[in-house]
Amino acid sequence: RERLLIQILQEEKGINKLFKNKNYFSGSDEKDCPFCFQKVDKVYSNQLIESIEKILSQKAEDHIKELEKVRLEEWTIDFTPYIKLPQEIVETCEKSFSEYNSEIRRINDLIEKKINNVYEPIIEKIILQECIDNLNRSLMELQNSRIEYNENANDLVSMTNELNEINKQL
């Protein structure tokens with residue numbers, strides 16, 4: 001019986017079938033089996049319900065362990081070294097970064113919600129990739145701005161050296 005229950009669990013929407021069977025056999029003393037149409041006594045019904053609960057319980061524990069493994073960590077980035085760069089670029093990065101962390105928190109909340117009620121499906125749109133793409137774009141813009149700033153600073157040094165040389169000649 002347990003092997004058959006496990007086979008049902010592995011089928012598509014098998015967990016729903018097991019829940020339906022468990023609910024069907026719970027309650028009254030005698031039921032007719034929906035498959036073979038024979039009478040099923042209370043003792044057999046209880047044993048069947050216990051077997052189903054045991055299988056569902058193990059499957060749920062395995063699922064919870066997998067869910068705990070996929071929790072995501074928030075990131076931290078200090079943007080203070082970039083204060084000399086254009087303000088709007090830095091603010092865009094901070095905003096993108098904040099949206100990314102916000103989505104991470106939302107995903108972790110959904111994972112926690114699923115852990116608390118394993119059998120309830122959660123249908124939510126995840127926009128993490130979109131947040132990552134936005135963050136990457138804004139960080140690339142920040143990097144390009146930093147490179148430009150540093151090149152200008154290097155030009156300034158060479159220009160200063162050239163002006164000092166002209167000054168010496170004068």
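The chain is numbered in sequence order, starting from 1.
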When hydrophobic residues are tied together by side-chain contacts of less than 4.5 Å, even through go-betweens, does [X] share a cluster with [Y]?
| X | Y | result |
| --- | --- | --- |
| Ile104 | Ile132 | yes |
| Trp75 | Met140 | no |
| Ile77 | Ile83 | no |

(message) Is any side-chain heavy atom of Ser145 closer than 4.5 Å to one of Pro86?
(response) yes
(message) Counting C-beta onward and ignoring hydrogens, is there a side-chain heavy-atom pair between Ile126 and Leu110 closer than 4.5 Å?
(response) yes
Quick check for you: to the nearest 0.5 Å, what is the distance between [X] atom [atom1] and [Y] atom [atom2]?
| X | Y | atom1 | atom2 | answer |
| --- | --- | --- | --- | --- |
| Asn167 | Glu162 | CG | CD | 12.0 Å |
| Ile89 | Gln143 | CD1 | CD | 12.0 Å |
| Leu135 | Leu142 | CG | CG | 10.5 Å |
| Leu72 | Asn108 | CG | CG | 5.5 Å |

[X] side-chain N/O to [Y] backbone N/O, donor-acceptor pair under 3.5 Å:
| X | Y | result |
| --- | --- | --- |
| Thr92 | Glu88 | yes |
| Asn116 | Glu112 | yes |
| Ser98 | Glu94 | no |

(message) Please check if the number of heavy atoms outside Tyr82 that lie under 6.0 Å from its OH is greater than 12.
(response) no
(message) Using a 6.0 Å cut-off, check whether atom CD1 of Ile147 has over 12 heavy atoms from anything other than its own residue.
(response)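 Atom CD1 in Ile147 is packed in, count exceeds 12.
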(request) Have a look at Arg105 and tell me which of Glu74, Glu99, Glu73 forms a salt bridge (charged side-chain N to carboxylate O under 4.0 Å, His left out) with it. (result)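 For Arg105, the salt bridge (charged side-chain N to carboxylate O under 4.0 Å, His left out) test succeeds with only one of Glu74, Glu99, Glu73, which is Glu74.
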(message) Thr76 vs Asn101, test: side chain to side chain contact (heavy atoms under 4.5 Å, CB included). Steps then yes/no.
(response) CA-CA 9 Å; Thr76 55; Asn101 277 335; 5.9 Å; no
Shortest non-hydrogen contact from [X] to [Y]?
| X | Y | value |
| --- | --- | --- |
| Glu103 | Lys125 | OE2-O, 4.4 Å |
| Leu139 | Cys93 | N-SG, 3.8 Å |
| Ile115 | Arg71 | CD1-NH2, 3.3 Å |

(message) Below 30° counts as parallel, above 60° as perpendicular, anything between as tilted: where do the rings of Phe79 and Phe97 land?
(response) perpendicular
(message) Looking only at side-chain N and O atoms, does Asn46 offer a donor or acceptor that is under 3.5 Å from a partner on Glu50?
(response)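 Glu50 vs Asn46: no donor-acceptor pair found between side chains.
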(request) Using the side chain to side chain contact (heavy atoms under 4.5 Å, CB included) rule, take Leu128 and Tyr100 through it: C-alpha gap first, then chi angles, then the decisive distance, then the call. (result) CA-CA 7 Å; Leu128 183 62; Tyr100 169 81; 3.6 Å; yes
(request) Could you check Asp133 against Arg137 for side chain to side chain contact (heavy atoms under 4.5 Å, CB included), going step by step and ending with a plain yes or no? (result) CA-CA 6 Å; Asp133 293 343; Arg137 271 193 299 278; 3.9 Å; yes
(request) Check the pair Arg106 / Glu124 against side chain to side chain contact (heavy atoms under 4.5 Å, CB included), numbers first and verdict last. (result) CA-CA 10 Å; Arg106 190 178 76 82; Glu124 293 275 337; 3.3 Å; yes
